[in-house]
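Lettering follows sequence order; numbering is per chain, from 1. All figures in this text were calculated on a predicted structure; none of them were measured in a lab.
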Amino acid sequence: MSTTFIRGFASGTFASMACVYVYNTRVFKTPSSDNRRLDEELKPRILPADHPMLEDVNKLETQRRILKYGIPDRGQEYYIYDNHVLAYDQAKKIPIWVAEHLNAQNVKGSANRKHSKFKPDPSVNGRFNAENDDYFKSGWSRGHMSPAGNHKFNQEAMNASFFLSNVVPQNFENNSGFWNRFEIYCRNLTKKFTDVRVITGPVFLPDLEEDGPAIVKYPVIGKGQVAVPTHLYKVVLAELDGKPIALGAFVVPNKPIGFDKKLTDFIVPLETLEEKTGVEFLPKLNLSNVKPLCQVDSCHLKTKDEFELHIITRQLNRAENLDQLYKAYSKLEKKNLKPDQYMIELFTKKEMELKEKQLLGEREKKEL
DNA sequence: CGGCTGCAACCA
DNA sequence: TGGTTGCAGCCG
């Protein structure tokens, strides 16, 4: 089975009006990448009945003349995958936003990242696509926006998360450290809330440390000049039985973040984030009864010890032979950490399984 | 959990 | 010959 993706079109506040967005008599959002449909889509029937443009037929003619060959389209299409949806920036070759829905079911399962590979997104026009080569030896890691770990229930869904349309150049230490802990935190929210909706993406902010004018400055990497964002953001909405309860917006610098920093250090008002990204994230959400996430929940990220225990637990789980198992377990002593009951049971269970596996392997060798 | 690299095997 | 692929081993 191949991964399914469908192309759709971003719908905002005026979603009910089908597709054309009109503001000050300027169509600024293209209704379709199929520009042959332009004439049809500019017909007044799709504009709001009281729109001023309808008062002046000449304005419509002007648009037709100027936009004879179509409305310039800047990535307003969005892409739908098995378990995430995204809008893509064809100039920067990274996503604009990536939306996902987490619940207790879809963050669990047997899908394994070892079976997935990073690759260009086949649904993105080639010349606008990032390549693995762009990232190779660039000094930046390929950071998932919708993390692989959020697609554990389905291998195909996880594979789709490895398309480079879901990836931005991310600082190594940030990716495996603070951001990783942030992602784990979001997954764990599904233990407390029935539905968790997350929108993740890159954001480009001016360097505030320098004197003088504010300048947005960012590296580009590889032949394709993939843009390296200065910051990453997450918008997290927690729901209980279909009712939105809590919302948090966070902006984290794309650089190493130590254990001394808390998630609450990175809270930003949703409106500020929307202004910086140019994206209206949850246009249909009524915020009146929604509380700040970190007032409803602790927003606690794993501490250094908790995080290292978590990693060793995963390494035990991942171990495919006794060598790997013992090696991972020995790290506990090295780091002066005490295993909890779960970990001891996991180790014992895993040790039995792998010993059996080893015996089977030896038997097969003898038979050959 | 999140990643990277090198190397051998394979194929057109 | 160059390009892809899978695997082992490494890191935080």
Side-chain angles (χ1 to χ4, degrees), chain A residues 98 100 102 106-120 122 126 130-153 155 158-159 161-164 166-191 198 200 221-223 226 228 232 234 252 254-261 263 300-332 334-337 340 342-343 346 350 354 361:
Chain A
V98 183
E100 54 191 335
L102 315 185
N106 61 21
V107 299
K108 284 183 197 153
S110 58
N112 187 335
R113 57 184 295 127
K114 283 277 170 200
H115 303 143
S116 308
K117 282 179 309 187
F118 288 106
K119 57 174 104 169
E131 304 279 348
N132 280 326
D133 268 359
D134 294 327
Y135 287 85
F136 187 59
K137 288 189 172 169
S138 68
W140 299 87
S141 72
R142 291 167 290 191
H144 280 81
M145 294 295 91
S146 173
N150 289 3
H151 307 258
K152 293 282 284 184
F153 74 109
Q155 188 66 49
M158 182 179 285
N159 291 350
S161 81
F162 278 74
F163 288 150
L164 294 179
N166 181 42
V167 163
V168 309
Q170 188 175 1
N171 173 274
F172 288 87
E173 198 178 323
N174 179 292
N175 195 1
S176 61
F178 186 90
W179 196 255
N180 186 11
R181 287 185 286 140
F182 190 4
E183 290 169 344
I184 292 167
Y185 166 75
C186 291
R187 275 195 288 279
N188 284 339
L189 278 175
T190 59
K191 294 173 181 169
V198 185
T200 309
I221 58 170
K223 203 180 162 201
V226 178
V228 180
L232 302 175
K234 264 189 196 297
V252 179
N254 191 4
K255 64 182 188 188
I257 311 284
F259 287 94
D260 53 320
K261 298 279 198 229
L263 181 54
H300 169 74
L301 300 189
K302 285 187 190 298
T303 63
K304 195 169 196 287
D305 281 4
E306 287 168 339
F307 184 54
E308 280 174 352
L309 273 176
H310 179 264
I311 292 199
I312 293 170
T313 306
R314 298 299 146 180
Q315 283 171 346
L316 292 178
N317 260 315
R318 204 192 261 182
E320 284 171 11
N321 56 51
L322 287 169
D323 260 13
Q324 290 175 358
L325 187 75
Y326 294 142
K327 193 174 173 184
Y329 203 71
S330 69
K331 283 184 188 170
L332 288 171
K334 237 184 260 174
K335 306 212 171 187
N336 221 356
L337 295 167
D340 54 18
Y342 171 79
M343 205 166 200
L346 174 69
K350 206 67 188 175
L354 292 175

Between [atom2] on [N] and [atom1] on [X], what's the gap in Å once rounded to a whole number?
| X | N | atom1 | atom2 | result |
| --- | --- | --- | --- | --- |
| N180(A) | dC4(B) | CG | P | 13 Å |
| N132(A) | dG3(B) | CG | P | 13 Å |
| D305(A) | dC1(B) | CG | C1' | 17 Å |
| Y135(A) | dT5(B) | OH | C1' | 18 Å |
| H310(A) | dG12(C) | NE2 | P | 18 Å |
| K119(A) | dT4(C) | NZ | P | 12 Å |
| D134(A) | dC4(B) | CG | P | 13 Å |
| R181(A) | dG3(B) | CZ | C1' | 16 Å |

Verify the contact: side-chain N or O of [X] to OP1 or OP2 of [N], cut-off strictly under 4.0 Å; return yes or no.
| X | N | answer |
| --- | --- | --- |
| R314(A) | dG2(B) | no |
| K152(A) | dC1(B) | yes |
| R113(A) | dG2(B) | yes |

Considering every strand and a 4.0 Å limit on heavy-atom distances, what is the contact class for I311(A): base, sugar-phosphate, or nothing? base

Between A328(A) and I312(A), the two heavy atoms sitting closest are O-CG2, 3.5 Å

Of all heavy-atom pairs linking Y135(A) and A130(A), the shortest is CE1-CB, 4.3 Å

**Message:** Is the distance from the ring center of F118(A) to that of H144(A) below 6.0 Å?
**Reply:** yes

For the pair E183(A) and R187(A), find out whether any cationic side-chain nitrogen is under 4.0 Å from an anionic carboxylate oxygen. no

Report the residues that fulfil side-chain hydrogen bond (donor to acceptor under 3.5 Å, both in side chains) with [X], sequence neighbours left out, ordered by chain and then residue number.
| X | result |
| --- | --- |
| S116(A) | Q155(A), N159(A) |
| R113(A) | none |
| D340(A) | none |

Rounded to the nearest 0.5 Å, the NZ atom of K334(A) sits from the NZ atom of K327(A) at a distance of 7.5 Å

The reported gap from CD in E320(A) to CG in L325(A) (rounded to nearest 0.5 angstrom) is 12.0 Å

The contact string for nucleotides 6-11 of chain C, one letter per nucleotide 5' to 3', using protein heavy atoms under 4.0 Å with B, S and - for base, sugar-phosphate only and none, comes out as S--BS-

Its contact letters, B for base, S for sugar-phosphate only and - for none at protein heavy atoms under 4.0 Å, make nucleotides 6-12 of chain B read -------

Per atom distances to the N175(A) side chain, the nearest of dC4(B), dG2(B), dC1(B) is dG2(B)

The answer to which of F172(A) and M158(A) contacts DNA chain B further toward the 5' end, by nearest nucleotide, is M158(A)

So L301(A) and F307(A), do their side chains get closer than 4.5 Å, heavy atoms only? no

query = Is F163(A) close to K119(A) at the side-chain level, that is, under 4.5 Å between some pair of heavy atoms?
reply = yes

Next item on the list: Starting from the C-alpha separation in whole Å, work towards a yes-or-no answer on side-chain contact (heavy atoms from CB on, under 4.5 Å) for M145(A) and N166(A).
Entry: CA-CA 6 Å; M145(A) 294 295 91; N166(A) 181 42; 3.5 Å; yes

Note: contacts of residues 142-150 of chain A with DNA chain C (heavy atom, under 4.0 Å) are none

